[in-house]
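Read the structure below first, then the notes.
Heads up: numbering here begins at 1 and tracks the sequence. What you see below is based on every heavy atom in this structure, not just the backbone, and it leaves out hydrogens, waters and symmetry mates.
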Amino acid sequence: MAGPHLQQPSFLLATLKADCVNKPFVQRCHDLERYIEEFPAKELHGIFPWLVESIFGSLDGIIVGWNLRCLQGKTNPIEYPVALDFLDPSGPMMKLVYKLQAEEYRYDFPVSYLPGPVKASIQEQVLPECSLYHNKVQFPSSGGLGLNLALSILLTNSPVTHHVSPSNSAYFILVDTYLKCFLPTEGSVLPPPYSNPGGAIPSPTPRSPPVPFTSYGMHHTSLLKRHIAHQPSVNADPASQEIWRSETLLQIFVEMWLHHYSLEMYQKMQSPHVKESFKPTEEHVLVVRLLVKHLHAFSNSLKPEPLSPSAHSHTASPLEEFKRVVIPRFVQEKLYIFLQHCFGHWPLDASFRAVLEMWLSYLQPWRYAPEKPPQTTESLPRSVSEKWATFIQENLLMYTKLFVGFLNRALRTDLVSPKNALMVFRVAKVFAQPNLAEMILKGEQLFLEPELVIPHRQHRLFMTPTLGGSFLSWPPTITDASFKVKSHVYSLEGQDFQYKQMFGTEVRNLLNEAQLTQMMMKCGTAQDENGKKQLPDCVESEDGLILTPLGRYQIINGLRRFEVQYQGDTELQPIRSYENATLVRLLFRLSSALNERFADQMDALCSREDFVGRLCRYHLTNPHLIQKIRYSPVVKDRTTQNWGPRISLRFLASYRTLLSLLMVYFIASWFCIGPVGCTFIILIGYFLYAVIMTLFSEGWKPHED
């Protein structure tokens with residue numbers, strides 16, 4: 001019996017692969033659920049890597065899997081609910097995870113597919129500070145790197161699509177479901193759907209890496225490590241169970257979605273010329289916003305501290321402590337760097353709306369507070385409560401520096417576009433909430449207060465636990481509000497950071513320039529002495545006119561423009577859509593031959609001061625060209641070019657001219673006038689017209705198109 005039993009995993013895997021071809025999706029899911037219930041963990045471990053890849057796709061994108069980002073209820077009404085049930089936190093897939101975890105099986109996740117900073121540090125044998133990676137990095141004997149993450153299956157890459165609404169896809173629904181399950185706003189985390197004979201699912205057993213690792217930054221420990229490192233798995237505390245699962249899920253989300261630049265890398269990559277290897281998509285930003293909104297709701301569900309002295313002695317539950325520190329400990333730094341990257345490198349188009357809404361969601365935690373605003377008949381904006389002053393001060397750069405960054409973006413976008421104008425309106429509406437500006441200003445004043453001596457890196461003290469401790473062993477709360485604000489700013493931007501005040505002169509001048517330009521838009525019909533629209537703001541240089549920043553803004557928003565037109569030889573300008581290409585080329589050759597043959601005679605005739613000279617200049621020269629050039633930003637030397645008298649027959653290649661001549665010949669045929677006679681009449685008529693026009697003007701050329 002032992003022989004067939006040893007071959008059972010490969011037989012099961014072969015059966016599942018055959019089912020993928022022969023059975024429909026719904027039947028395959030039901031069979032998988034039955035296999036997970038009936039087979040032992042040892043046999044299921046053999047199919048687990050294949051199952052993960054067949055559902056979530058391969059990491060290199062070659063295998064699509066179930067394509068959860070495209071799976072929607074409207075387009076896939078049968079497969080959609082079945083997939084959601086199978087991947088639900090209490091569904092068969094997570095039952096398999098808990099079943100394998102109970103017997104300490106592991107799933108290797110390649111380091112090469114981790115975010116850039118994590119991959120680089122691990123390859124340099126520097127352990128990332130996130131506790132998610134502690135005791136999980138493995139060096140297999142075959143070479144390369146493997147990473148053991150029990151819940152990493154939730155974040156396997158799949159192809160990005162842009163043809164469906166991301167928020168209605170199975171991927172987004174599952175992310176929201178897992179957040180609500182493992183980071184509940186009410187009650188506690190639900191117990192695992194599978195339990196071992198001992199009655200509890202053991203937390204991952206710490207494994208010592210086979211090679212020594214150092215750690216960049218300070219060594220962070222967490223509730224996860226506190227509750228799993230020193231307790232027997234058989235008698236695991238339910239509170240510790242909910243903490244390590246909740247924290248692990250959140251760490252995976254944050255690491256995979258936000259940790260694409262470390263703080264040190266960000267501070268070194270302020271130059272816009274640095275090549276960017278990571279480019280987030282709009283779908284990526286939308287799922288980060290989903291995370292931000294839920295974390296605000298999760299953090300705001302923290303129970304208020306009791307007022308009675310006896311209640312103070314009672315220790316808060318690990319989940320309550322987790323709610324207290326979840327945003328500053330896990331999200332704040334990485335989200336700030338992520339937003340800075342998006343503000344500096346996102347295209348200047350309407351797709352930035354996704355980034356904007358994610359930023360505004362983080363700035364307004366009061367929108368996700370459990371208390372309801374009072375019902376009033378007047379639609380007045382709700383005042384921001386003073387209880388949020390601490391959050392604003394400890395996230396000052398999120399409000400001030402990113403606001404200045406948004407202004408710089410807005411000044412470079414086309415605000416005539418309704419979508420771009422709406423983004424400006426959204427930001428203005430948020431920052432115009434009563435009492436918000438006052439609290440931001442208070443935070444700036446605290447930062448600008450004269451500071452005492454702050455030891456090097458001492459500013460990180462209140463943000464991180466002490467070495468060897470946990471969330472519950474944080475240092476006492478620092479009451480100095482000014483020190484907290486300074487610590488926040490310096491921890492993100494470094495000790496040498498030059499802060500630009502949101503309510504300072506520099507930003508006000510930036511706003512004033514924008515307001516001035518908006519006024520110029522209303523007065524954009526102003527004209528100069530020649531009746532022409534004013535040119536964009538520019539300065540003279542040796543190479544001609546150079547646009548100023550104001551001039552660029554005027555052009556982008558359509559307030560002013562140059563009269564751009566062809567400035568070269570009119571005979572050599574590109575063939576127009578209203579011209580016959582063959583005739584243009586033939587008439588150019590004829591004109592060139594005539595100009596070369598009679599150049600001296602035409603010069604002599606145009607040099608005469610009598611009526612004949614004026615008539616020849618009217619036909620053979622274009623003195624108005626220099627005045628046209630004056631309204632374009634070209635090199636001054638080009639305005640002195642003189643093309644000389646010459647014959648131009650290109651106007652005869654115009655379809656409009658040919659159609660007009662055809663109509664004249666057709667009408668003349670009604671009066672029994674032949675082509676020769678009609679041509680003679682046209683020449684006589686044009687000659688009389690030219691004589692009359694010569695008497696009044698020398699500059700106008702009616703046959704120029």
Side-chain angles (χ1 to χ4, degrees), residues 530-532 563-632 638-639 641-705:
N530 295 319
K532 301 289 184 180
E563 294 186 5
V564 180
Q565 54 187 325
Y566 184 77
Q567 302 294 340
D569 189 345
T570 55
E571 290 295 294
L572 299 178
Q573 62 181 310
I575 298 175
R576 310 299 184 184
S577 60
Y578 54 81
E579 293 179 320
N580 184 281
T582 303
L583 285 178
V584 169
R585 297 185 179 96
L586 292 176
L587 292 173
F588 173 73
R589 294 176 183 175
L590 178 59
S591 300
S592 299
L594 293 175
N595 290 329
E596 184 178 356
R597 175 68 178 81
F598 300 105
D600 296 337
Q601 290 86 338
M602 288 188 293
D603 282 334
L605 288 173
C606 291
S607 299
R608 295 174 57 171
E609 298 297 333
D610 54 7
F611 180 78
V612 175
R614 294 175 61 191
L615 183 63
C616 291
R617 286 193 295 272
Y618 174 74
H619 284 283
L620 303 176
T621 63
N622 187 14
H624 195 55
L625 179 62
I626 296 178
Q627 189 169 359
K628 289 182 180 179
I629 294 176
R630 138 178 216 273
Y631 292 102
S632 289
R638 293 185 59 184
T639 63
Q641 294 181 2
N642 183 13
W643 304 111
R646 58 183 176 171
I647 296 173
S648 177
L649 301 176
R650 182 165 175 167
F651 73 98
L652 293 174
S654 170
Y655 289 118
R656 289 177 291 182
T657 302
L658 295 175
L659 181 61
S660 300
L661 291 176
L662 182 62
M663 292 181 62
V664 170
Y665 282 113
F666 179 74
I667 295 174
S669 65
W670 289 0
F671 298 94
C672 301
I673 301 175
V676 177
C678 184
T679 302
F680 180 76
I681 293 174
I682 291 174
L683 293 176
I684 292 298
Y686 178 76
F687 177 76
L688 294 175
Y689 174 78
V691 169
I692 294 173
M693 294 302 298
T694 302
L695 295 175
F696 295 99
S697 174
E698 292 185 34
W700 187 63
K701 290 177 67 77
H703 62 280
E704 290 266 26
D705 290 306

Task: Test item: Leu658 and Leu652 side chains (from C-beta on) under 4.5 Å apart, heavy atoms - done: no
Open item on the list: Any non-hydrogen side-chain atom of Ile684 less than 4.5 Å from a side-chain atom of Tyr689?
Closed with: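 No, every pair of side-chain atoms sits at 4.5 Å or beyond.
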- [ ] Please say whether more than 12 non-hydrogen atoms of neighbouring residues, nucleotides or ligands are located less than 6.0 Å from CZ in Phe611.
- [x]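 Yes, enclosed.
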- [ ] For Glu579 and Arg576, indicate whether the former's side chain and the latter's backbone hold a donor-acceptor pair under 3.5 Å.
- [x] yes
Open item on the list: Closer than 3.5 angstrom, by distance alone: can the side chain of Thr657 be matched with the main-chain N or O of Phe651 as a donor-acceptor pair?
Closed with: yes
- [ ] Sort out for me which residue in Leu572, Leu583, Leu649 forms a side-chain contact (heavy atoms from CB on, under 4.5 Å) with Phe588.
- [x]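 Checked Leu572, Leu583, Leu649 against Phe588; only one passes side-chain contact (heavy atoms from CB on, under 4.5 Å): Leu572.
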Least distance between heavy atoms, [X] atom then [Y] atom:
{"X": "Cys616", "Y": "Leu605", "answer": "SG-CB, 3.7 Å"}
{"X": "Asp603", "Y": "Pro645", "answer": "OD1-CG, 2.9 Å"}
{"X": "Ala668", "Y": "Cys678", "answer": "CB-SG, 3.8 Å"}

- [ ] Validate the cation-pi geometry between Arg656 and Tyr578: distance from NZ or CZ to the six-membered ring centre under 6.0 Å, angle to the ring axis within 45°.
- [x] yes
Measure the spacing between [atom1] of [X] and [atom2] of [Y] and express it to the nearest 0.5 Å.
{"X": "Leu662", "Y": "Ile667", "atom1": "CG", "atom2": "CD1", "result": "10.0 Å"}
{"X": "Ile682", "Y": "Tyr665", "atom1": "CD1", "atom2": "OH", "result": "4.5 Å"}
{"X": "Thr582", "Y": "Leu587", "atom1": "OG1", "atom2": "CG", "result": "10.5 Å"}
{"X": "Arg646", "Y": "Leu594", "atom1": "CZ", "atom2": "CG", "result": "13.0 Å"}

Task: Pairing residues for Arg608 by the salt bridge (charged side-chain N to carboxylate O under 4.0 Å, His left out) criterion, not counting sequence neighbours - done: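 Arg608 satisfies salt bridge (charged side-chain N to carboxylate O under 4.0 Å, His left out) with Asp610 once adjacent residues are dropped.
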Task: Selection residues 586-595 - residue pairs positive for side chain to side chain donor-acceptor pair (under 3.5 Å), sequence neighbours left out - done: none
